[in-house]
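First up is the structure itself, then whatever we jot down about it.
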Amino acid sequence: MIASTASPTGSLSHSFRVGTALVWNDIKQGLRKHKAGSSWRARLLQSGGILFGLIFLASLHLAAFSLVTYTGLSPSDDRARLFAGLSTAIWCFLLFVMISGGLARALVVLHEQDDSNLLLSSPVSPRAVLAARLFGNALQSCLVDGFIIVPYINIRALVFGQLNFLWGYAVWFALAVIVTCIDGLFSFGLIRWLGMRRARLFSQAIPFVLIFGVTFFAGSMSVSIAQMNMTPDNTHMPPVMQEKFIALSHTPLVALARAGAGSPEYVTMIFAAAAAMALITLRLTERAFIEGTQNLAENVTAAVPGKADAPFRTGVLKLEILKNLRLIVRTPMMAVQCIAQVLTPVGIAFVMGHQDLPRAIAFFVIFVAGVLSGMFTIAAGTVEECDDLLSMSPRRVLLFRLGKMLSGCLWPLGLTLLAVVGLFLAGEGLLAGTVLFAGIPLGLAASIVGETFATPVKTGTRPKLLSDPIMMIPLLGMQLTSGLIAGLTVFTAAFSVYFLLLSLLLSYFMLILAVGLAQLRKPLF
Amino acid sequence: MESISVFDNLLDFLSLGAMECACEIIGLVKRFGPKVAVDQLSFKVPAGMLYGFLGVNGAGKTTTLRMISGLIRPDAGQIRVAGIDVMTEPQRAKQPLAYIPDDPVLYGKLNPMEHLEFVSALWGVDPLVARKRAQELLEKLSLWDRRHEWIESYSRGMKQKIALASALIHEPKLILLDEPLTGLDASAARLVKDILLDFLKQGGSVILTTHILEVAERLAERIGIMSGGRLIAEGTMAQLRSHSGQAAGSLEDIFLQLIQGEREGIALPT
């Protein structure tokens with residue numbers, strides 16, 4: 001007879017032990033995912049990635065230092081309020097980015113984990129599993145969005161000696177818990193009302209609609225770069241901008257900045273809110289966590305056959321491109337993502353080129369060329385079973401990959417050329433040249449990067465496209481790079497042709513880098 | 001013929017009632033929207049028995065297993081595992097249970113020892129005991145030499161062995177197996193069958209769904225055939241033969257006849 005030697009499983013200590021083990025398990029697996037292989041290529045890629053990350057963080061620290069110094073040097077009657085407003089703006093930005101990105105993460109972490117069958121069929125309390133998942137999600141949210149607040153905390157605490165700002169680290173985590181709970185609750189609501197498939201679509205669109213809304217709102221409030229006087233003797237914050245920061249410090253949102261600066265009552269308030277949110281979320285969603293997603297997963301309507309996929313015919317590049325274009329347009333999640341992505345630069349363009357339409361258009365087009373080329377190529381490369389197809393047509397690998405890249409960048413680059421003609425006819429020759437010489441290489445670079453990172457799905461599994469957090473990294477990289485190049489070229493085009501040429505070089509450097517990356521990961525040539 | 005069958009059924013009913021039950025299902029119903037996935041399902045699995053659960057795709061087998069494992073809440077009916085009600089005492093009822101879905105999830109970036117230790121922690125097995133058992137199981141499954149490799153590098157058959165080890169690590173009394181032999185080569189399939197027989201010898205019980213009818217015929221003491229969410233026939237091979245009127249028929253013949261009859265609305269004696 002089988003004798004079970006198991007210890008009681010309902011106890012709080014067992015739940016805690018399992019919760020800790022689960023979080024540690026996720027962390028361990030996450031770290032191992034990024035562990036370099038043994039080949040020199042893999043090591044070089046990882047070293048490059050680490051170096052890029054370090055340079056990125058160092059740049060952000062430099063930017064935070066400049067921001068604090070710039071604000072400190074600006075003559076103001078109410079310096080304390082000005083700094084409170086600045087801190088509030090940064091904390092609000094963090095909060096906003098956490099909320100917008102957290103929804104997609106909540107759907108993945110809470111509802112689409114493959115191990116739910118194992119965990120929920122074990123005698124562990126489902127509440128413990130849910131709590132561990134929420135905690136893990138909060139940690140992830142902290143790590144992913146930490147680049148916004150960490151440099152600011154470090155500079156205030158370590159460079160300017162305001163050690164009370166170290167409380168910011170604790171507040172950072174508490175904020176992540178609150179946001180995780182909000183997004184968690186929202187994800188359960190979305191699934192209940194819309195079903196899993198539509199909830200996934202919404203979770204992709206909402207962050208970008210939010211970003212669009214906020215940048216549009218900020219754009220209408222802020223001082224346009226085109227209007228700013230950038231002469232060397234005018235390097236202080238304009239009074240009109242100071243007023244906006246001071247006004248922000250009078251809103252309830254200043255509570256975040258005060259907590260981040262270690263004010264006891266506000267720290268207590270944030271932690272109490274985090275604890276309350278965690279309890280409410282656990283209470284409200286436990287039942288839905290156990291059975292809701294499971295039932296929906298069983299009952300989810302299948303994708304309509306033939307809508308998002310098409311038979312692959314080898315040999316003809318044109319057919320491959322046409323197929324991919326059809327694939328991109330007919331993949332609902334891709335369409336939603338692309339529309340949502342397109343909204344983002346409209347908002348940013350409004351900030352960059354407030355009351356300067358040609359400059360806003362130029363920014364928008366360069367950004368779109370970079371982001372959409374990459375996204376379309378990822379779509380073409382991830383939705384179907386590339387591995388199987390490649391093994392069937394081994395001699396046509398290059399053609400296959402070129403087809404993906406071309407179908408990815410065809411529409412965005414077409415739009416770029418149209419914009420170039422339009423700007424030229426409108427008498428904006430310099431901006432037309434900027435769009436042409438920055439947009440085209442950027443689009444090609446993004447397409448190559450997209451193809452390099454596209455992860456083929458296995459037969460029978462749902463496309464991991466964009467629902468896999470890993471896929472967000474190249475996407476985020478594309479957005480940042482495209483935004484940087486678009487902003488820099490359009491900005492410098494307003495002031496100096498020489499600086500413009502230098503910033504255009506950056507675009508070509510990106511193209512060379514993309515080709516190099518592709519060579520390292522999956523050699524093109 | 002018919003009278004013998006009735007007598008057999010009576011004996012069977014009496015003997016089943018007297019045996020200790022590993023799992024008892026009474027009037028189970030599950031709907032997904034307008035679709036009735038499981039309809040008034042009732043059966044018993046005595047301790048120490050392998051129960052074969054057959055049916056075409058979409059018959060409701062997996063849904064039933066998921067309800068037994070506590071993953072889905074039924075709309076009506078009762079499920080008892082080792083006498084414990086799954087709905088009212090889910091955590092206690094899950095303690096003697098192990099469920100291996102058709103596509104078992106293994107942590108690809110862990111090695112088998114780490115995976116088994118994590119699974120045993122879920123069931124509250126003492127870490128030292130778990131380590132010892134994990135070693136024994138891996139040796140038995142010929143995986144000990146590859147214990148340092150990540151599971152993602154394993155073949156389908158090796159992954160299935162790990163899934164089986166995960167199910168056995170906490171020494172369950174009842175294992176629910178959904179299509180355990182799919183995609184396995186002959187030697188791996190043989191090993192899985194041997195392990196299951198070993199488990200049965202030690203007093204464990206198994207509910208197994210499979211499309212490989214020869215396996216069910218050879219291993220299962222009792223077989224239930226589902227169609228459209230209902231149990232259309234149940235019993236030992238002899239009873240099923242008598243039920244279908246095919247005295248020398250294989251399980252495949254009986255299964256196809258029953259399913260065909262069900263589709264065409266031909267009532268068979270119950």
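Keep in mind it's a predicted model, so treat the numbers as computed, not measured. Naming: A, B, ... by sequence-line order, numbering from 1 per chain.
Atom OG of A:Ser15 and atom CD of B:Gln91 lie 7.0 Å apart (nearest 0.5 Å). Atoms NZ and CG, from B:Lys109 and A:Asp26 in turn, are 14.0 Å apart once rounded to the nearest 0.5 Å. To the nearest 0.5 Å, atom CD of residue A:Gln29 and atom CG of residue B:Leu110 are 4.5 Å apart. B:Ile100 CD1 to A:Ser121 OG: the interatomic distance, rounded to the nearest 0.5 Å, is 10.0 Å. Remark: A:Asn25 CG to B:Glu117 CD distance equals 11.0 Å, nearest 0.5 Å.
The contact between B:Phe118 and chain A is made entirely by side chain atoms (from C-beta outward), counting heavy-atom distances below 4.5 Å. Neither the backbone nor the side chain of B:Pro90 has a heavy atom closer than 4.5 Å to any heavy atom of chain A.
Looking at B:Trp123 and A:Val18, their side chains never come closer than 4.5 Å, going by heavy atoms from C-beta outward. You'll find the side chain of A:Val124 reaches within 4.5 Å of the side chain of B:Leu122, heavy atoms only.
Summarising the local packing, CZ of B:Arg147 is surrounded by more than 12 heavy atoms from other residues, nucleotides or ligands at distances under 6.0 Å. More than 12 heavy atoms of other residues, nucleotides or ligands shown are found within 6.0 angstrom of CZ on B:Arg146.
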Query - A:Asn117 vs B:Tyr99, side-chain hydrogen bond (donor to acceptor under 3.5 Å, both in side chains): CA-CA, chis, key distance, verdict - result: CA-CA 8 Å; A:Asn117 277 342; B:Tyr99 170 52; 5.2 Å; no
Query - Full working for side-chain contact (heavy atoms from CB on, under 4.5 Å) between A:Leu118 and B:Val105 - result: CA-CA 7 Å; A:Leu118 171 68; B:Val105 172; 5.7 Å; no
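Here the closest non-hydrogen pair linking A:His14 and B:Ala121 is NE2-O, 2.9 Å.
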